[in-house]
Number of protein chains: 2
Amino acid sequence: MPQIDRPSHTGELRESGRQQVLETIRAQGAIARIDIARETGMSPATVTAISAELLEAGLIREVQPEAKPTTGKRGRPRVSLALRGDAHKIAGIKVAHSSITVLVIDFEGNELVDHDMPLVQARMEPEQLCNAIVTALEQCCRKGSIGLADISGLCVGMAGLVDATRNFVYWSSSLTSRNVDMGAHLGQHLNCAIFVENDANLVAKAEHLFGKGRDVSDFIVITIEHGVGMGVVIDDEIYRGTRGCGAEFGHTKVQLSGALCQCGQRGCLEAYVGDYALLREARLLSDEATPQSIGQLSAAAREGDALAGSILERAGRMFAMGLANIINIFDPELIIVSGTHSSMDYLLTPQVIEEMRQSVVQVDAPLPEVVQHSWGQLMWAKGAAAYAVEKVSAQCVRRLVLDAV
Amino acid sequence: MPQIDRPSHTGELRESGRQQVLETIRAQGAIARIDIARETGMSPATVTAISAELLEAGLIREVQPEAKPTTGKRGRPRVSLALRGDAHKIAGIKVAHSSITVLVIDFEGNELVDHDMPLVQARMEPEQLCNAIVTALEQCCRKGSIGLADISGLCVGMAGLVDATRNFVYWSSSLTSRNVDMGAHLGQHLNCAIFVENDANLVAKAEHLFGKGRDVSDFIVITIEHGVGMGVVIDDEIYRGTRGCGAEFGHTKVQLSGALCQCGQRGCLEAYVGDYALLREARLLSDEATPQSIGQLSAAAREGDALAGSILERAGRMFAMGLANIINIFDPELIIVSGTHSSMDYLLTPQVIEEMRQSVVQVDAPLPEVVQHSWGQLMWAKGAAAYAVEKVSAQCVRRLVLDAV
DNA sequence: CCGATTTAATTTGAGAATCAAAAAAATAAT
DNA sequence: ATTATTTTTTTGATTCTCAAATTAAATCGG
């Protein structure tokens with residue numbers, strides 16, 4: 001009884017070597033073999049062998065040392081290795097309330113083309129949503145003169161409870177039904193590797209691959225938008241929990257029987273710091289001056305409007321408390337507060353940081369760094385693409401190892 | 001320039017194989033080679049090779065199949081492998097407020113002897129505490145007729161902020177000074193492998209090796225005692241955070257500007273559900289009936305005392321909120337509420353579980369199981385011993401691999 | 001301009017860990 | 001006794017990796 005595809009221990013080892021090299025190259029952009037050896041702890045001989053294989057497979061390329069390094073350094077010049085962008089085209093897709101954003105990148109991470117397709121309604125039946133996704137992808141491909149068949153893989157990011165290991169959506173604000181097997185649905189329309197993930201996790205991925213978490217193996221990303229999301233990276237992996245619905249930072253409770261949240265429960269952090277929560281309170285301001293957007297509210301506060309100020313102040317204090325709790329629980333190296341708009345301007349103020357500091361368990365060791373990162377509107381799609389790239393990468397390596405047999 | 005102790009990739013692989021076999025044997029108690037192969041995914045050939053080595057090293061033994069398995073099963077009978085208890089003697093030591101508990105176990109986990117030595121004062125200078133620990137260990141060894149030199153390793157568990165990777169104590173309620181290198185201090189008195197850990201993490205270890213977390217790779221242990229502690233096991237490893245001071249569940253904030261905690265901050269969960277918090281409130285009861293212990297308070301509540309009832313009810317609600325937050329963040333497979341006394345009787349009631357359920361993000365998937373586990377007073381020491389056993393195990397394997405070269 | 005020096009990459013040969021398949025061992029069934 | 005069955009061990013091959021030696025490609029110094 002031959003055991004065919006049970007991963008052998010040696011196979012795993014081999015895979016991990018290749019994976020490591022590829023990841024190192026991706027993390028560094030362009031890096032010489034000798035530095036890969038240093039970085040990964042492998043011997044130069046092994047790096048040579050592996051990179052030869054990756055070169056042959058067309059996944060990486062040698063970068064000719066552009067300019068003479070003029071600075072007198074003797075010895076054989078190092079030849080850097082970089083990813084071959086044209087090895088694959090990969091799509092990241094974000095389903096938002098009012099539009100679907102698509103971004104196509106190459107294997108190296110270069111953005112080829114993006115597209116935003118408005119949605120007429122925010123919540124749809126699964127089939128309807130799939131059609132919309134496919135349409136958005138097609139439009140994007142057409143715009144960039146890319147064949148749909150050239151897409152090696154894609155990832156769809158959506159708000160809600162997603163079990164990424166199964167491409168399964170327990171619940172999403174974009175879907176009218178619960179418990180949808182999005183992977184299967186999309187698979188009927190598209191013939192490429194398909195992944196579905198929670199959007200906050202995708203931002204974490206984006207930070208890890210392209211952003212401020214590039215060289216960090218353990219960090220936490222917090223997104224503030226309509227709701228509040230969190231992505232946790234532990235040991236270079238996204239932490240997901242058993243059912244795939246962990247890291248629901250926005251729905252951790254910060255107040256017994258507190259404010260009503262869009263999830264129907266009370267006292268969620270989101271119900272104090274999310275967009276809708278602030279605007280809900282802002283409506284109590286005198287009618288004429290009622291701010292319709294966070295920007296207006298924030299401006300009113302800056303101009304000395306006491307009520308607006310107190311709304312933002314409370315949100316800030318709640319946010320500080322939430323941040324402190326995260327630090328007390330995870331003790332991460334780094335916290336990245338990511339967003340597409342300037343939520344940070346009023347939420348991540350020095351006062352909030354100070355308040356957070358005072359709610360963190362006191363230790364004579366430096367606090368985790370808290371940084372903010374404003375991305376463009378493409379943040380989400382970029383994260384989705386990053387995730388898909390990683391998955392496709394892993395698939396390539398796996399195929400490489402199998403083919404070698 | 002030969003690179004001597006940089007762990008080679010092959011060495012890691014080899015180590016992992018041996019480790020895996022040993023762990024499987026420990027987890028299963030006694031298990032045949034073929035089942036180890038099935039369990040770990042290795043080939044039977046490899047298991048034979050590895051177990052031969054472990055047998056020769058004296059770490060495991062063959063268990064003769066006791067009774068004829070009468071039930072007609074043909075074929076060569078399987079020979080189970082078990083740990084050799086006499087391979088090592090290991091001490092677990094818990095430093096509590098009023099005493100030091102020591103437990104000596106053998107390599108197989110059998111309890112050989114335990115001892116409790118009262119302490120005259122709860123907080124001491126490092127040197128003083130070390131002396132007390134050594135004295136307690138000596139007394140325990142004498143009681144069990146064990147030579148101090150026969151102890152292969154020990155672990156000291158203490159409440160507070162401990163960086164176990166460095167055996168370093170940022171702060172502990174048992175120490176008068178901060179930032180103590182306990183490992184170095186103890187090393188001057190004892191000549192064996194020494195480990196220092198946070199006590200909640202040790203309970204997690206105990207649950208993982210001997211308790212309800214035996215076959216679970218991801219779970220969370222919550223301890224309620226004087227304070228509230230948490231141990232997080234992710235992927236069969238204790239999660240510690242970067243500075244080694246994560247998982248401070250007791251000091252997560254559940255109320256803005258809330259009740260005063262012993263840590264000096266406000267609104268910590270511990271300040272609502274810890275022993276001292278309940279007794280603090282209970283003092284407001286009519287003087288004569290003031291309960292001096294949790295047991296009395298709990299009894300009063302059961303007898304219909306409204307004030308006592310409301311104290312416990314609020315504690316329960318806060319605890320439910322804390323539990324729900326943990327689930328929302330970690331989405332664990334299992335939560336074990338561990339304790340030496342019956343805190344569970346009033347904290348882990350059906351009402352609390354129900355309230356927790358209502359504060360958890362709603363998913364059409366079964367809730368994480370919440371179980372309670374009452375250990376004897378030896379719980380902590382047992383956890384410490386479990387941790388030390390694991391570490392010593394790993395050390396043995398490492399030595400085995402190195403010696404083979 | 002040419003050898004000496006330096007650094008990077010590759011080749012070579014060997015060691016080690018694993019696995020598949022075959023063989024051996026130990027038992028039950030017939 | 002013979003056959004069937006199951007576990008364990010042995011054998012031989014594979015292959016992943018590494019150390020050391022070698023080759024490659026540059027600078028430096030005279």
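These figures come from a predicted structure and were not determined experimentally. Throughout, a chain's letter reflects where its sequence line sits, starting with A, and its residues are numbered from 1.
- Remark: A:Ala57 pairs with A:Leu59, A:Leu400 by the side-chain contact (heavy atoms from CB on, under 4.5 Å) rule, at least two apart or across chains.
- Between the CD atom of A:Gln20 and the C1' atom of D:dC18 there is a distance of 15 Å, rounded to whole Å.
- We find that CD of A:Glu53 is positioned 18 Å from P of C:dA9, with the value rounded to whole Å.
- Atom-to-atom, CG of A:Leu55 to P of C:dT10 comes out at 9 Å; the value is rounded to the nearest Å.
- Every residue was checked against the salt bridge (Lys or Arg N to Asp or Glu O under 4.0 Å) condition with A:Glu237, not counting sequence neighbours, and none meets it.
- In terms of the ring pair (Phe, Tyr, Trp, His ring centres under 6.0 Å) criterion, residue partners of B:Phe168 (sequence neighbours excluded) are, by chain and number, B:Tyr170.
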With 3.5 Å as the limit, what N/O pairs link the protein to nucleotides 3-5 of chain C?
residue : atom : partner : partner atom : Å
C:dT5   : O3'  : A:Arg74 : NH2          : 3.4

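- Residues forming a salt bridge (Lys or Arg N to Asp or Glu O under 4.0 Å) with A:Glu111 (at least two apart in sequence, or on another chain): A:Lys382.
- Atom C1' of nucleotide C:dA20 and atom CD1 of B:Ile34 are separated by 14 Å, given to the nearest angstrom.
- Residue A:Ser51 forms a side chain to side chain contact (heavy atoms under 4.5 Å, CB included) with just one option from A:Val79, A:Ile36, A:Ile60, and that option is A:Ile60.
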Collect all protein-nucleotide pairs involving nucleotides 11-14 of chain D in which both atoms are nitrogen or oxygen and the distance is under 3.5 Å.
none

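- Nucleotides of DNA chain C nearest to A:Pro44 and A:Arg76 differ in position, and the one nearer the 5' end is that of A:Arg76.
- Taking atom CE of residue A:Met42 and atom P of nucleotide D:dC16, one finds them 13 Å apart after rounding to whole Å.
- In the set D:dA25, D:dA19, C:dA20, the nucleotide with an atom closest to the side chain of A:Ser43 is D:dA19.
- Within the structure, side-chain hydrogen bond (donor to acceptor under 3.5 Å, both in side chains) pairs that include any residue of residues 212-221 of chain B do not occur (at least two apart or interchain).
- Applying the salt bridge (Lys or Arg N to Asp or Glu O under 4.0 Å) test to B:Glu197 and every residue at least two apart in sequence or in another chain returns B:Arg240.
- Taking only side-chain atoms of B:Arg33, from C-beta outward, the nucleotide of D:dT9, C:dT10, D:dA26 with the closest atom is D:dT9.
- Within the 4.0 Å cut-off from OP1 or OP2 of D:dC18, at least one side-chain nitrogen or oxygen of A:Thr46 is found.
- In this structure, CD1 of B:Ile60 is placed 12 Å from P of D:dT8, rounded to the nearest angstrom.
- Of the candidates C:dT18, C:dA9, D:dT8, C:dT18 carries the atom nearest the B:Arg18 side chain, counting heavy atoms from C-beta on.
- With rounding to whole Å, B:Ile50 atom CD1 is found 13 Å from D:dT9 atom P.
- Remark: P of D:dT8 and CG of B:Leu54 are 15 Å apart, rounded to the nearest angstrom.
- Relative to the side chain of A:Pro77, the nucleotides C:dC19, C:dT10, D:dA25 differ in distance, and D:dA25 lies closest.
- Distance check, rounded to the nearest 0.5 Å: CG of A:Asp35 to CD1 of A:Ile25 gives 11.5 Å.
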Would you list the atom pairs, donor with acceptor, under 3.5 Å between side chains in residues 388-395 of chain B and any protein atom, with sequence neighbours excluded?
residue  : atom : partner  : partner atom : Å
B:Glu390 : OE1  : B:Lys205 : NZ           : 3.1
B:Glu390 : OE2  : B:Lys205 : NZ           : 3.2
B:Ser393 : OG   : B:Arg26  : NH2          : 3.0

